Amino acid sequence: MPDSPTKKNVLGGQIRLSPRLQAVADLVPVCRVAHDIGTDHGWLPIWLVQQGYCEQAVAADLRVGPLQRASSHIRRYGLSDRIETSLTDGLAGHEIGDDDVVILAGLGGHEIMRIVSAVDKPCPMLVIQAMKSLPELRHFLCERGYRIEREILARERHRFYPVMQVRFAGISCQLTDLEAWVGPVILTERPCELPDYLVQLQHRIQKQMLGDPQMQSLSDQINGLTGAVTQ
């Protein structure tokens with residue numbers, strides 16, 4: 001399988017992902033099976049198979065309606081032989097191989113923590129885009145032996161969506177509050193979008209400070225970082 005997937009002409013043509021989903025797709029390494037948990041319309045596994053990122057894919061959802069829509073789209077693009085649909089809660093019933101990737105995108109951070117906690121053995125590779133509770137999720141992952149290897153910021157409709165590629169390393173580590181809120185890789189690499197993203201984070205922190213004065217220290221650190229990256 002190629003390291004740099006190339007476009008392929010398939011029945012139904014190519015699809016275009018939203019910026020958020022494209023960022024998720026960009027962090028999926030070439031793999032045997034991609035398990036898209038909470039697949040909704042099924043666009044992500046369709047794109048990954050079309051582009052040659054995976055040999056097979058599983059489009060899973062807890063709800064019947066979205067899974068029926070995903071099945072319809074999969075048939076439309078002629079990929080029923082390569083993408084399986086699964087009506088499941090999280091990873092229940094999934095067999096995750098060493099060369100597989102689990103995608104958890106568009107879910108809340110606490111829901112992702114519940115799904116990861118419920119598996120019998122750690123997932124070798126996760127690609128995660130959480131809609132909320134990112135600081136708690138980052139702490140959770142690192143404490144349980146996962147290592148955040150890559151992070152990118154997707155911008156869609158004036159909002160940033162951090163996306164993480166996470167590998168199980170088996171070694172627990174601790175993050176600072178600043179790392180948990182901003183992202184350890186984002187802090188290190190300082191992408192060009194970082195100043196605008198820090199403004200978004202600061203708005204959230206200011207709201208939480210109303211009920212938690214201890215957030216002042218984190219707010220001060222964010223302000224200091226903002227000044228450093230805009231100089």
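The structure presented is a predicted model; accordingly, all values stated were derived computationally and were not measured.
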Exercise for the section: Taking all non-hydrogen atoms of both residues into account, name the closest pair between Ala34 and Leu48 and its distance. Expected result: CB-CD1, 4.1 Å
Exercise for the section: Hey, could you give me the CG/CD1 distance between Asp212 and Ile205, rounded to the nearest 0.5 Å? Expected result: 11.0 Å
Practice task
Output yes when a side-chain donor or acceptor of Arg82 lies under 3.5 Å from a complementary backbone atom of Glu55, and no otherwise.
Solution key: yes
Exercise for the section: Check whether any side-chain heavy atom of Pro124 lies under 4.5 Å from a side-chain heavy atom of Ile96, and answer yes or no. Expected result: yes
Problem - Any Leu175 side-chain heavy atom under 4.5 Å of Glu143 side chain - result: no
Practice task
With Arg32 as reference, evaluate Asp99, Asp98, Asp100 under the side-chain hydrogen bond (donor to acceptor under 3.5 Å, both in side chains) test and give the passing residue.
Solution key: Asp100
Exercise for the section: Examine Tyr53 and Val33 and state if one hydrophobic cluster contains both, with Ile, Leu, Val, Met, Phe, Trp and Tyr joined whenever side-chain heavy atoms are less than 4.5 Å apart. Expected result: no
Practice task
Drop me the distance from Leu153's CG to Arg159's CZ, to the nearest 0.5 angstrom.
Solution key: 12.5 Å
Exercise for the section: Would you name the heavy atoms of Leu178 and Gln221 that are closest together and state the gap between them? Expected result: CB-OE1, 3.7 Å
Practice task
For the pair His35 (side chain) and Leu91 (backbone), establish whether a donor and an acceptor sit closer than 3.5 Å, ignoring hydrogens and angles.
Solution key: no
Problem - Straight-line distance of Leu134 CG to Arg204 CZ, nearest 0.5 Å - result: 7.0 Å
Fill in the blank from the handout: Taken to the nearest 0.5 Å, the spacing of Leu87 CG from Leu67 CG works out to 6.0 Å
Completion exercise
Taken to the nearest 0.5 Å, the spacing of Arg76 CZ from Ser71 OG works out to 12.5 Å
Indicate every side-chain donor-acceptor pair of residues 189-199 with a distance under 3.5 Å to a residue at least two apart or in another chain.
{"from": "Arg190", "atom 1": "NE", "to": "Leu187", "atom 2": "O", "distance (Å)": "3.4"}
{"from": "Asp196", "atom 1": "OD2", "to": "Arg155", "atom 2": "NH1", "distance (Å)": "3.3"}

Problem - Gln208 side chain vs Met215 backbone, donor-acceptor pair below 3.5 Å - result: no
Problem - Side-chain heavy atoms of Ser133 within contact of His110, under 4.5 Å - result: yes
Exercise for the section: Answer yes if Leu21 and Tyr161 sit in the same cluster of Ile, Leu, Val, Met, Phe, Trp and Tyr residues linked by side chain heavy atoms under 4.5 Å apart, and no otherwise. Expected result: no
Exercise for the section: Kindly give the cluster partners of Leu210, where membership spreads through any ILVMFWY side chain lying under 4.5 Å from a current member. Expected result: none
Practice task
Check whether any side-chain heavy atom of Ile115 sits under 4.5 Å from a side-chain heavy atom of Val102, and report yes or no.
Solution key: no
Practice task
Run the salt-bridge test on Asp26 and Arg150 with the 4.0 Å N-O cut-off and return the result as yes or no.
Solution key: no
Problem - Leu141 with Leu104, same ILVMFWY side-chain cluster at under 4.5 Å - result: yes
Problem - Sub-4.5 Å side-chain heavy-atom contact between Val116 and Phe140 - result: yes
Handout entry: Value rounded to 0.5 Å, distance of CH2 in Trp47 from OH in Tyr77
Key = 13.5 Å
Handout entry: Heavy-atom closest contact (Glu151 atom, Pro184 atom, distance)
Key = OE1-N, 3.3 Å
Handout entry: Flag side-chain contact, heavy atom, 4.5 Å: Thr88 against Ile37
Key = no
Practice task
Begin with the C-alpha distance, continue with both residues' side-chain angles, and end with the deciding distance and a verdict on side chain to side chain contact (heavy atoms under 4.5 Å, CB included) for Cys142 and Gln174.
Solution key: CA-CA 6 Å; Cys142 291; Gln174 299 291 324; over 6 Å; no
Exercise for the section: For Arg147 and Ala169, work out which heavy atoms get closest and say how close. Expected result: NH1-CB, 3.3 Å
Problem - Validation row: Ile15, Gln50 side chains within 4.5 angstrom (heavy atoms) - result: yes
Problem - Test side chain to side chain contact (heavy atoms under 4.5 Å, CB included) applied to Pro66 - qualifying residues, sequence neighbours left out - result: Asp40, Asp61, Arg63, Arg69
Practice task
Look only at the side chain of Glu179 and the backbone of Thr176, and say whether a donor-acceptor pair between them is shorter than 3.5 Å.
Solution key: yes
Problem - Stepwise side chain to side chain contact (heavy atoms under 4.5 Å, CB included) test for Ser86 and His94 - result: CA-CA 9 Å; Ser86 176; His94 290 245; 3.7 Å; yes
Problem - Contact summary for Phe168 and Gly145, nearest pair of heavy atoms - result: CD1-O, 3.6 Å
Handout entry: same_hphob_cluster(Val166, Val185) at 4.5 Å side-chain heavy-atom cutoff
Key = yes
Handout entry: Derivation of the side chain to side chain contact (heavy atoms under 4.5 Å, CB included) call for Val28 and Gln165
Key = CA-CA 8 Å; Val28 175; Gln165 184 190 88; over 6 Å; no
Completion exercise
Of Ile112, Val24, Leu107, the one forming a side chain to side chain contact (heavy atoms under 4.5 Å, CB included) with Ile128 is Ile112
Handout entry: Leu27 side chain reached by Met164 side chain, heavy atoms, under 4.5 Å
Key = no
Completion exercise
Nearest heavy-atom contact between Ala23 and Ala154 is CB-CB, 3.5 Å
Problem - Linked, directly or transitively: Ile83 and Trp43 (ILVMFWY side chains, under 4.5 Å) - result: yes
